[in-house]
Colleague: 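Shown below is the structure under consideration.
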Amino acid sequence: MSVEKKVFDSAKQAIEKLYSVEILDSQIQIGKTKKDFEGDLTLVVFPLLRISKKGAEQTAEEIGAKMLEDTSIFENFNVVKGFLNFSIKTSVWLSQFNKWLNTSKFGYAKNDTDKTLMVEYSSPNTNKPLHLGHLRNNFLGYSVAEILKANGHNVIKTQIVNDRGIHICKSMLAWKMFGNGETPQSSGLKGDHLIGKYYVAFDKAFKKEVANLIANGMEAKEAEKSTKILAQAQEMLQKWEAEDEEVRALWKTMNGWVYEGFETTYKNMGVDFDALYYESETYLVGKKVVEEGLEKGVFYKKEDNSVWCDLSHEKFDDKLLLRGDGTSVYMTQDIGTALLRYKDYPNLSGLIYTVGNEQNHHFKVLFAILKKLGYDWASGCYHLSYGMVELPEGKMKSREGTVVDADDLMESLTNDAKNAATERGRIEEMSTQEKEELFRTIGMGGLKYFLLKVDPKKKMMFNPQESIELNGNTGPFVQYTYARTQSIINTEPNFSKTINETIILEPIEKEVLKIIAEFPSAIKEAGENYSPALIANFVYELAKSYNSFYQSVSIFKEEDKAKKTFRIALSYQVGNVIKNALSLLGIKAPQQM
RNA sequence: GCCUCCGUAGUUCAAUGGAUAGAACAAGAGUUUCCUAAACUUUAGAUGCAAGUUCGAUUCUUGCCGGAGGCACCA
């Protein structure tokens, strides 16, 4: 049982005895004591004044005295206004510490195998390479999946590959028109970048044609609808839907190039998937469901043959599900994808969509439609909505060339890490290969931490000019702290994992223990809130306090053997917790740097 | 027009309705005969404005000001 839980139980018992009432757990507020006050844990007594019918200080004194009398874990207590601060006996902390030392995967919840969650992330379009926004998405989705696993759930990582549609045809058409048979091999370009080049080329040609039409006296809106090149792309889409052999063959080839490129990028990112879904397959399921829904009267048809869902009871506008010509829209595909997933995994108790907050409305509507179709599992669907990554000049727009490319950014950070490590690192005796690995570990650690330390719900700013900081509240700072702990362990690998519980601790040592103690609740809260940022905040606090300890306390020069052993064991435990916390963020912890 | 979200030091981020609003970067001042100075210590600096609810408000409510996103036969 954790110290906090012990205090909680003690407080509850004391209050119920003192005032002869039963109280709710929510009325007992216990938190860490703020650092300017004396004590370890604090009970806020304000909510209890109605029960005690006494002043704040008097109530606090009464409860404190009772708890001290009934429970043996307290050293003493003090009262400041309505705050009851407890000092916990050092031996209690050390006894906890001994338990942690001998627990594998300290902080992780037990695996309850009956709960399986699916986490969707990434889900790119196959017409252009991945960018900074995708990085936030991927790191977030991957990390949330790891955090949910640490909370004892089974997790299936998935994505929906948006491999069909007009945007794909645009790249294909431009390649046919301007490509002269260029391939990744012939051009030396990564497949996804090659396709992205033709997506941009399409847009250029399209804009040029529009400009010509306007110059010849056409209205702007009219001109945008009248270009030959767009008509050709639409024709290509129709051929694709009709399974025209030539179009399908080209589509397969070009998508193949993109997948090859993506594979490299995902590998560099360190993310992976357990199950893939392709829009080219799921949209057909969606169409079928919509047609069935129409027969059952869940949806309705307009005069022009288009199919709609009435959502007035949810106060949404009606939603189009099939166009007049029978083709599907985004929503149709999403219905099909969800359905297919629950068909493939009937035991899913939740489906988490990691998608940007610009689609908040889309997902509300999707879930409402699924409910209307009568699927009970719809209530387990959750939109993990995250904020956009913004640049100083505003939002990234791929067609305006203001995107930060994922491959470029990862490479540039690895390079920054290389410069920093060559200058400051302890890497002389490493092989070239080990060095390369380390640079990547540090660079990616910096990038991932940067994107994950911010509350996912909030938008965040990225300034390419300033690049990503490697000092301060950063991934490499935490990684460095880990390397320090490993250096200690390597000096004395055979230390005892049983600590004498009667030793006297320095305040900073107790502080480190208190932070370690919070790891289990950090994992729990991060899981409940789908927030890797909580893990990042936690591990930063831990690293900071350990560094402070490291600076002010000598380990190997300590003459008291019991204390020395404790300090080595503390380093060991801090190292373990840092390593595990970082792994929840998808970040590697280097042995030395 | 309607709806949703966001405004915290110069900048980027924290703070289950709780104590004197925390960090980092940038700025200033220090710490290497000692286990990794990618570290540590330290100074200065902030809740958009106005009301309300509360013992207590960055947090809840309302209004205003400022910013972002959404409401498509786009994905």
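Within every chain, numbering begins at 1; the chains are lettered A, B, ... in the order of the sequence lines, protein sequences first and strands thereafter. What you see is a predicted model, and the numbers here were worked out from it, not measured in a lab.
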Colleague: Would you measure the distance from the C1' atom in B:A21 across to the matching atom in B:C3 and give it in whole Å?
Modeller: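 Their C1' atoms lie roughly 32 Å apart.
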
Colleague: Please tell me which of the listed nucleotides, B:A75, B:A23, B:C55, lies nearest to the side chain of A:F46?
Modeller: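 The answer is B:C55, which lies nearest to the side chain.
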
Colleague: A:F83 on top of B:G18's base, within under 5.5 Å and under 30°?
Modeller: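 Not stacked: fails the 5.5 Å / 30° test.
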
Colleague: Consider side-chain contact (heavy atoms from CB on, under 4.5 Å). Of A:L140, A:L132, A:L585, which one does A:L451 pass it with?
Modeller: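 Only one of A:L140, A:L132, A:L585 forms a side-chain contact (heavy atoms from CB on, under 4.5 Å) with A:L451, namely A:L132.
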
Colleague: Report the glycosidic orientation of B:U58: syn if within 90° of 0, anti in every other case.
Modeller: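 Anti conformation here, the glycosidic angle of B:U58 being more than 90° from 0.
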
Colleague: Starting from the C-alpha separation in whole Å, work towards a yes-or-no answer on ring pair (Phe, Tyr, Trp, His ring centres under 6.0 Å) for A:Y540 and A:Y449.
Modeller: CA-CA 10 Å; A:Y540 176 64; A:Y449 191 91; 7.2 Å; no

Colleague: Flag the pair A:E241 and A:R164 as a salt bridge only when some basic side-chain nitrogen lies within less than 4.0 angstrom of an acidic carboxylate oxygen.
Modeller: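 Looking at A:R164 together with A:E241, the answer is yes, because their closest N to O distance falls below 4.0 Å.
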
Colleague: Base, sugar-phosphate alone, or nothing: which one does A:Q592 contact when heavy atoms must sit under 4.0 Å apart?
Modeller: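 Answer is base: heavy atoms of A:Q592 come under 4.0 Å of a base.
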
Colleague: Charged N to carboxylate O below 4.0 Å: is that the case for A:E509 and A:K563?
Modeller: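 No, no charged N to carboxylate O under 4.0 Å.
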
Colleague: Nearest to the A:V454 side chain among B:C35, B:C13, B:U31, which nucleotide is it?
Modeller: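 The nucleotide sitting nearest to the side chain is B:C13.
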
Colleague: Aromatic contact between A:Y353 and A:F363, with the criterion being ring centroids under 6.0 Å apart: yes or no?
Modeller: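 They qualify: ring centres under 6.0 Å apart.
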
Colleague: Within the 4.0 Å heavy-atom criterion, would you say A:N360 contacts the bases, only the backbone, or no part of the nucleic acid?
Modeller: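 No contact at all - A:N360 keeps every heavy atom at 4.0 Å or more from the nucleic acid.
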
Colleague: Is there a residue in residues 160-168 of chain A whose heavy atoms reach under 4.0 Å of RNA chain B, and which residues are they?
Modeller: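 A:H167 - these, ordered by number, are the residues of the stretch whose heavy atoms sit under 4.0 Å from the strand.
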
Colleague: So what is the 5' to 3' dot-bracket string for RNA chain B, if pairs are Watson-Crick or G-U wobble with both distances under 3.5 Å, crossing pairs use [ ] and | means the partner sits on another strand?
Modeller: (((((((..((((....[...)))).(((((.......)))))....(((((..]....))))))))))))....

Colleague: Would you kindly check whether a donor in the side chain of A:D455 faces an acceptor in the base of B:A15, or vice versa, at under 3.5 angstrom?
Modeller: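 By the distance-only test, no, there is no pair.
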
Colleague: Contact class for A:Y480 (heavy atom, under 4.0 Å): base, sugar-phosphate, or nothing?
Modeller: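 Result for A:Y480 = base.
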
Colleague: For B:U16 and B:U59, measure between their C1' atoms and round to the nearest Å.
Modeller: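 My reading of the C1' atoms in B:U16 and B:U59 gives 10 Å.
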
Colleague: Would you say A:K34 places a side-chain N or O within less than 4.0 Å of OP1 or OP2 belonging to B:G18?
Modeller: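 Result: no.
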
Colleague: May I ask you to say what A:N125 touches in the nucleic acid, namely base, sugar-phosphate or nothing, with a heavy-atom cut-off under 4.0 Å?
Modeller: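 If one applies the 4.0 Å heavy-atom cut-off, A:N125 turns out to touch the sugar-phosphate alone, with no base involved.
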
Colleague: Tell me what A:D325 touches on the nucleic acid: a base, only sugar-phosphate, or nothing, going by heavy atoms under 4.0 Å.
Modeller: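 Result for A:D325 = nothing.
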
Colleague: Kindly give the heavy-atom pair with the smallest separation between A:K453 and A:A533, and that separation in Å.
Modeller: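 Scanning both residues completely, I find the closest heavy atoms to be O-CB, 3.4 Å.
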
Colleague: Expressed in whole Å, how much space separates the C1' atoms belonging to B:G66 and B:A26?
Modeller: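 My reading of the C1' atoms in B:G66 and B:A26 gives 26 Å.
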
Colleague: Which of these nucleotides, B:A75, B:U16, B:C71, is closest to any side-chain atom of A:Q29?
Modeller: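 My answer, after comparing the listed nucleotides, is B:U16.
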
Colleague: If the C1' atom of B:A57 is compared with that of B:C40, how far apart are they to the nearest Å?
Modeller: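 The same atom, C1', in both gives a distance of 36 Å.
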
Colleague: What's the gap between B:A15 and B:A23 when it is taken at their C1' atoms, as a whole Å value?
Modeller: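 B:A15 and B:A23 have their C1' atoms separated by 11 Å.
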
Colleague: May I ask you to say what A:Y540 touches in the nucleic acid, namely base, sugar-phosphate or nothing, with a heavy-atom cut-off under 4.0 Å?
Modeller: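 Answer is sugar-phosphate: A:Y540 comes under 4.0 Å of backbone atoms only.
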
Colleague: Taking the same atom, P, in B:U54 and in B:C64, what whole-Å distance lies between them?
Modeller: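 Nearest-Å result for B:U54 against B:C64 at atom P: 24 Å.
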
Colleague: Need one value for A:K35: base, sugar-phosphate or nothing, where a base atom within 4.0 Å counts as base even if backbone is also close, heavy atoms only.
Modeller: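 Sugar-phosphate contact only.
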
Colleague: What contact category does A:I442 fall into here, base, sugar-phosphate, or nothing, at under 4.0 angstrom with non-hydrogen atoms?
Modeller: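 It contacts base atoms.
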
Colleague: Give A:K544 one of three labels, base, sugar-phosphate or nothing, depending on what nucleic acid heavy atoms sit under 4.0 Å from its own.
Modeller: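 Sugar-phosphate, no base atom in range.
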
Colleague: Taking for each residue the nucleotide of RNA chain B with the nearest heavy atom, is it A:I488 or A:T481 whose nucleotide lies nearer the 5' end?
Modeller: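 Looking at the nearest nucleotide for each, A:I488 comes out on the 5' side.
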
Colleague: What does A:A421 touch in the nucleic acid at a heavy-atom separation under 4.0 angstrom: a base, only the sugar-phosphate, or nothing?
Modeller: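 Here A:A421 touches the bases of the nucleic acid.
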
Colleague: Would you classify A:F316 as touching base, sugar-phosphate or nothing, given that sugar-phosphate means primed atoms plus P, OP1 and OP2, and contacts are heavy atoms under 4.0 Å?
Modeller: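 Nothing: the residue A:F316, judged by heavy atoms under 4.0 Å, touches no strand.
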
Colleague: Students often get this wrong, so: under 4.0 angstrom with heavy atoms, is A:S548 touching a base, only sugar-phosphate, or nothing?
Modeller: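 Answer is sugar-phosphate: A:S548 comes under 4.0 Å of backbone atoms only.
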
Colleague: Taking atom C1' in both B:C71 and B:G56, what distance in whole Å separates the two?
Modeller: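 Comparing C1' positions in B:C71 and B:G56 gives a spacing of 40 Å.
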
Colleague: Please pick, from B:A75, B:A38, B:U36, the nucleotide with the shortest atom-to-atom distance to any side-chain atom of A:R424.
Modeller: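 Ranking B:A75, B:A38, B:U36 by closest atom to the A:R424 side chain puts B:A38 first.
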
Colleague: Could you pick out which residue, A:T42 or A:F450, lies toward the 5' side of RNA chain B when each is mapped onto its nearest nucleotide?
Modeller: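 Per heavy-atom nearest nucleotide, the more 5' residue is A:F450.
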
Colleague: Using the C1' atom as the reference point in each nucleotide, state the distance between B:C13 and B:G17 in Å, no decimals.
Modeller: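 That atom pair is separated by 22 Å.
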
Colleague: Base, sugar-phosphate or nothing for A:M593? Non-hydrogen atoms, less than 4.0 Å.
Modeller: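 If one applies the 4.0 Å heavy-atom cut-off, A:M593 turns out to touch a base.
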
Colleague: If you only use heavy atoms from C-beta on, which nucleotide in B:C40, B:A38, B:C35 is closest to the side chain of A:Q551?
Modeller: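 The answer is B:C40, which lies nearest to the side chain.
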
Colleague: Is it true that A:E528 and A:K524 have a side-chain N and a carboxylate O under 4.0 angstrom from each other?
Modeller: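 Yes, A:E528 and A:K524 are salt-bridged.
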
Colleague: Counting the atoms with a prime plus P, OP1 and OP2 as sugar-phosphate, which does A:K458 contact under 4.0 Å by heavy atoms, base, sugar-phosphate, or nothing?
Modeller: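 A:K458: backbone/sugar contact only, no base atoms under 4.0 Å.
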
